[in-house]
Each structure stands twice: as C-alpha cells, then as structure tokens.
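Before any comments, here is the structure.
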Amino acid sequence: MLALKQGFDVSGSDISWSNNMDNLQEAGVKVYLGHSIVCMESTGKRPDAIIISSCIPKDNEEIVHAVSLGIPIYKRDSWLRRITEQYNLIAIAGTHGKSTTTAMLSYVLHAMGDDLIAVVGAQVPQLSEGNIIPGNGPNFVLEADEYDCCFLGLSPSIAVVTNVEWDHVDLFDDEEHVQRIFRMFVQQIKSGGHLIMCGDGAGAHSLLRDCKPKTLSSKYICSGSLVSDADFAVTTYGMSSKMDWHASSITINSQGGQDYILHHKEWPLAEVSLKLPGDHNVLNSLAVIATIANLIKDKDVHDIVNLVKYHLSKFEGISRRFEFIGKVNGCCVYDDYAHHPTEIRATLQAARQRFPFQPLWVVFQPHSFSRIAAFMKDFSTSFIDADYVIITEVFTPREKHTENSYGKDLATLISDPASEYIPKMVDVLEKLVLEISAQRNQETIVFTIGTDGEITALGPKLLRRLQDIS
C-alpha cells in the first residue's frame, strides 16, 4: 500500500483471500488468489522486483520463474532496508507491544503535524490509510519485527525496544538466542543515534549491560542518555523510579483506561490520561513520550509533554487489541491478538481491572505447536483472571504435526479457572450461544483470543446468533 501511494505499480498474490486483499484491490493493486506464473505475467510487463514474506519457499512457482528471468527478489528485511535507508528511521521493536507502540507514536506525531511515513503491523482505525501514513518524511516510523530476524536489515536513528522475551520458538532456541538477536539489532543503531527501551525486564537489563557505557557506575541503568561504546545514547523508561521516564499513581479512569503521573528523572511533569486499559499500555505511552522528547530537542520538555499527552488522550488503539466487537443483551464481546502467555496475562489483567465483578469468559485458539509445547506451563497459569476458559485445537499455518492434542493438554493442565477443551470453532459457538442465552439477564464479558485463524470470526458470529434469538 505504501509503494502504491508512492507511485509504484503494484501487483501480488496470496494463497488465501483476506480483508487486506480487499483493501489492496479497492486501492488499485492487482491481486491474485494463489501463486502462479500467470500472476506475474498478467500485468503485461516484467516486474522490476519481487518482495516476498518469510514463509515463501524457494521452490515457489513465481520465485522459480523470477529467478529464471533474473528479476531481483527481496525478502522483507532487505526491502525494508532499501525503503528506509534514506530517512530518519525510528524502529519500534520488542517481543510484545510493538504494534500498539508504533501506532501510538505514528498517530501522535501525525496529529502534531509531522509529515512522517509510517508502517504499522496492524490496522489503526484512526489512520485514514489503515496501517500506513504515506507522508514525505524525513521521519519514518516502522514496526521492526524480530521474526526471521527481519529487523537486522535496518539501520535506525532511534531504536525503541519495548521488551525482550522468548517467542517464535520455531526459530529461536531459547531466551539467550532471542537476547542475542536483539543485541545484534541494537548494534545496528546509527552512530550518534539513540536506544530507548523499557528497563523493567530481565531481557532489557541484558541489553543495557551490553551497551557498556564509557563512564561506568553502579547506577548506570538508571542514569539518563548514556553514551555506549557503539556511539549511541540510551534512555530508559518503565514503572521503576530508577528509569529516566517513569509512571506513578496509576489509576483507572472513567473511560476504562489509565491515568498516571509522568516523571522525568525525579521530577513529576504531568498527569497523563489514556483511553487504553492495562499497565502495558502505560509502558507503551512512556515509550512514545521518551521518543518524541528525543526527536524534538528545540522545545522545552514541559511544552513537549503537554502537547504529547493531549494527543495520547485521543488515541483509541488498534484492531484486535482489546477491541470491542459488540454487545447483545448484556453480553459484551472483545477480541485480542494475544498468543503468548505474557500477552494473555496482560490482556486479562486489563480486562479484570475494567470489569471487576462481571463473569469473564475466554476462548483461546493456540497458535503453533512449537509455541504451545514450549510454554505449556506458562499458558496454564496465564488465564487466572478469567472465570471460564475454552481452549480450541491449535491453529498452525506454518507447522505440520500428526496429532493436534496440545489444546486438550493445555485445557487439562489449567487448574484455575474452570476450563474446557472444544476443538472445533463451530462447537465453541454453539456452546457459547447455549450458555449465554440461558443467562441473558447476566452481564457476561467474552474475550476471543488468538492470532489470525478462525478465532477472528467467532465474536461477530456469536453476536449475530445472540441477536437472532433475543
């Protein structure tokens, strides 16, 4: 979409149709269902380049044909480097929270009048182009994905790291492997650049230790704007008062979001109000504040903070992150992309804060055999804030397995709350309709949680069925 807005002729193909395909087609992109040579030749001229995602194999029909014609082929990492290298790149990385942080930063900068370019890994309803801002620069805000080491091709002026935790276990062996990849990413920061990171977690501390400040002290983690041997400055944010930017006195506001007192070093600067629930979104907003304070150096910090906090208070979030789907007869349905134990725990903690007394039901579709196997114990304790959990069979687009029993194993392992294994989504729907319609006078909160499988359609289907019988 960004290439199209920048004047390129764009065409492409995918093995299944999606809303993204609809949006591209409506914008004028030639899109095709399925991969074949026809997709490449139907435009009438040979492509100048082909860009592929990480899951496209070398023996793909279109790739083999392109190689035979000598057409350059770029994976995401190489292409992202090419389209960002002439800009002041602000790359947002991290195991969790990078989509929301990228969207929040892009929205606030755009609202402040910055003619930035932005690419977010999720739809942002408040952006007219969905998940991009096709500005003219010089700032380029990009969600930097660690999957398949895609972010290692980047050379950011500012790198934001929200957290570092083991995930994508099909690619990364363990926690140390992930930390090593993030350390490599941090070393890609341009000379004279800046690392802005959440200093609360153990993974972040690992990165900070690697920065090796030129002036070491026992308190180097809490000192501000360190200069590392790699010649970039470091700013920290988090909940701890040791961080350069930190939050205190966090309370739930009337919008169901969070209010907090913002501090820079030891000084309280302002009260910030967010529409988004959860402490994790407080951290995301701190990352945005710290980044913009670094970008805009010719204004007083109080003026910057007052402007940023105003626009933060207007930000409504991104699709599939605590997204309200609808309400029928007291049943409220929300949808969330969480697929890692840490993400599920954060989402449900936020849900319990917003709905302290209502029954909280969760349907979770696990994603990938390797992830569910590696984190089985952590998953089993991540639903503690729910009252009832349904686990479906595993959604695994990238992996093959002879037995799909991991969902059942997880449901069995969950001791609190009550849990049930219902493999097929059609049966989950029938179960929910039956149970909720029998308690129609009770306000029930339903969360559908998972990545891009059938789980995304469950909420709307549930609402339609409940509407039909109301």
Side-chain angles (χ1 to χ4, degrees), residues 96-97 99-101 103-104 107 122-126 162 239 247-262 271-288 309 312-364 381-390 416-419 432 435-436 439-450 455-456 458-460 462-463 466:
H96 321 294
S99 293
T100 299
T101 304
M104 191 182 286
Y107 169 82
Q123 293 297 308
V124 189
Q126 288 173 286
T162 59
M239 297 301 187
S248 70
S249 305
I250 302 172
T251 57
I252 301 172
N253 59 35
S254 59
Q255 300 180 92
Q258 305 279 77
D259 290 346
Y260 65 91
I261 303 298
L262 171 70
E271 181 173 316
V272 178
S273 184
L274 305 175
K275 289 185 176 181
L276 308 184
D279 291 354
H280 58 294
N281 280 313
V282 171
L283 290 172
N284 294 338
S285 70
L286 289 172
V288 169
K309 79 166 193 173
L312 281 174
S313 71
K314 306 296 182 183
F315 181 67
E316 297 174 356
I318 63 178
S319 298
R320 304 218 59 229
R321 306 303 191 279
F322 213 104
E323 181 180 5
F324 178 63
I325 304 301
K327 180 177 182 179
V328 175
N329 294 336
C331 176
C332 295
V333 179
Y334 289 81
D335 185 44
D336 199 276
Y337 186 74
H339 52 278
H340 184 282
T342 299
E343 296 167 351
I344 294 172
R345 195 172 290 112
T347 296
L348 297 183
Q349 284 175 348
R352 184 51 74 198
Q353 287 175 351
R354 180 174 285 191
F355 308 108
F357 307 113
Q358 294 91 328
L360 179 57
W361 294 5
V362 175
V363 180
F364 174 53
T381 60
S382 63
F383 299 93
I384 192 67
D385 283 301
D387 295 297
Y388 171 58
V389 178
I390 294 175
D416 185 25
S419 63
L432 290 175
E435 294 291 337
I436 293 171
Q439 305 175 47
R440 62 178 62 195
N441 294 324
Q442 174 180 275
E443 185 177 6
T444 303
I445 311 300
V446 177
F447 267 78
T448 58
I449 296 179
I455 193 71
T456 60
L458 179 62
L462 174 61
L463 289 171
L466 292 175

Just wondering, do [Y] and [X] contact through their side chains at under 4.5 Å, heavy atoms?
X: Tyr337; Y: Glu323; value: no
X: Ile390; Y: Leu432; value: yes
X: Leu312; Y: Met104; value: yes
X: Gln126; Y: Ile318; value: no
X: Tyr260; Y: Ser273; value: no

Quick check on side chain to side chain contact (heavy atoms under 4.5 Å, CB included): which of Ile344, Thr347, Val362 does Ser382 satisfy it with? Ile344
Pick out which of Ile252, Asp259, Asn253 makes a side chain to side chain contact (heavy atoms under 4.5 Å, CB included) with Gln255.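 So, applying the side chain to side chain contact (heavy atoms under 4.5 Å, CB included) to Gln255 and each of Ile252, Asp259, Asn253, only Asn253 qualifies.
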Identify, with sequence neighbours excluded, every residue that meets side chain to side chain donor-acceptor pair (under 3.5 Å) alongside [X].
X: Thr456; answer: none
X: Thr100; answer: none
X: Asp279; answer: Gln258
X: Ser248; answer: His263

All salt bridge (Lys or Arg N to Asp or Glu O under 4.0 Å) counterparts of Lys275, not counting sequence neighbours: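 Only Glu316 meet the salt bridge (Lys or Arg N to Asp or Glu O under 4.0 Å) criterion with Lys275.
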Please identify each residue that fulfils salt bridge (Lys or Arg N to Asp or Glu O under 4.0 Å) with Glu435, with sequence neighbours left out.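 Once residues adjacent in sequence are excluded, the partners of Glu435 under the salt bridge (Lys or Arg N to Asp or Glu O under 4.0 Å) criterion are Lys431.
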Tell me the closest heavy-atom pair linking [X] and [Y], and the distance in Å.
X: Ile325; Y: Gly459; value: CG2-C, 4.2 Å
X: Ser319; Y: Ala122; value: O-CB, 4.5 Å
X: Asn284; Y: Gly97; value: OD1-O, 3.9 Å

Tell me which donor-acceptor pairs under 3.5 Å the side chains of residues 443-450 have, and how far apart each pair is, sequence neighbours excluded?
unit_1	atom_1	unit_2	atom_2	d
Thr444	OG1	Gln442	NE2	3.4
Thr448	OG1	Tyr334	O	3.4
Thr448	OG1	Asp335	OD1	2.7

Within the side chain of [X], is there an N or O that forms a donor-acceptor pair under 3.5 Å with the backbone of [Y]?
X: Glu343; Y: His339; answer: yes
X: Lys309; Y: Glu271; answer: yes
X: Arg320; Y: Asp336; answer: yes

Can you name the residues that form a ring-ring contact (aromatic ring centres under 6.0 Å, His included) with His340, not counting sequence neighbours?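 So His340 forms a ring-ring contact (aromatic ring centres under 6.0 Å, His included) with His96, Phe375.
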Please identify each residue that fulfils ring-ring contact (aromatic ring centres under 6.0 Å, His included) with Phe364, with sequence neighbours left out. Phe379, Phe383
Can you tell me how far the CG atom of Leu276 sits from the CZ atom of Phe315, to the nearest 0.5 Å?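 Reported to 0.5 Å precision, the distance equals 6.0 Å.
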Dump the intermediate steps for side chain to side chain contact (heavy atoms under 4.5 Å, CB included) on Leu262 and Leu286, then the final yes or no. CA-CA 8 Å; Leu262 171 70; Leu286 289 172; 3.5 Å; yes
Start with the C-alpha distance between Arg345 and Ile384, add both sets of side-chain angles, then the distance that settles side chain to side chain contact (heavy atoms under 4.5 Å, CB included), and finish with yes or no. CA-CA 8 Å; Arg345 195 172 290 112; Ile384 192 67; 5.6 Å; no
Which residues pass the side-chain contact (heavy atoms from CB on, under 4.5 Å) test with Leu466, not counting sequence neighbours? Val328, Cys331, Ile436, Leu462, Ile469
Atom pairs and distances, donor-acceptor, side-chain atoms in residues 348-360, under 3.5 Å, two or more places apart:
unit_1	atom_1	unit_2	atom_2	d
Arg352	NE	Asp385	O	3.2
Arg352	NH1	Phe355	O	2.8
Arg352	NH1	Gln358	O	2.9
Arg352	NH2	Asp385	O	3.0
Arg352	NH2	Asp387	OD2	2.9
Arg354	NE	Gly256	O	3.3
Arg354	NH2	Gly256	O	3.1

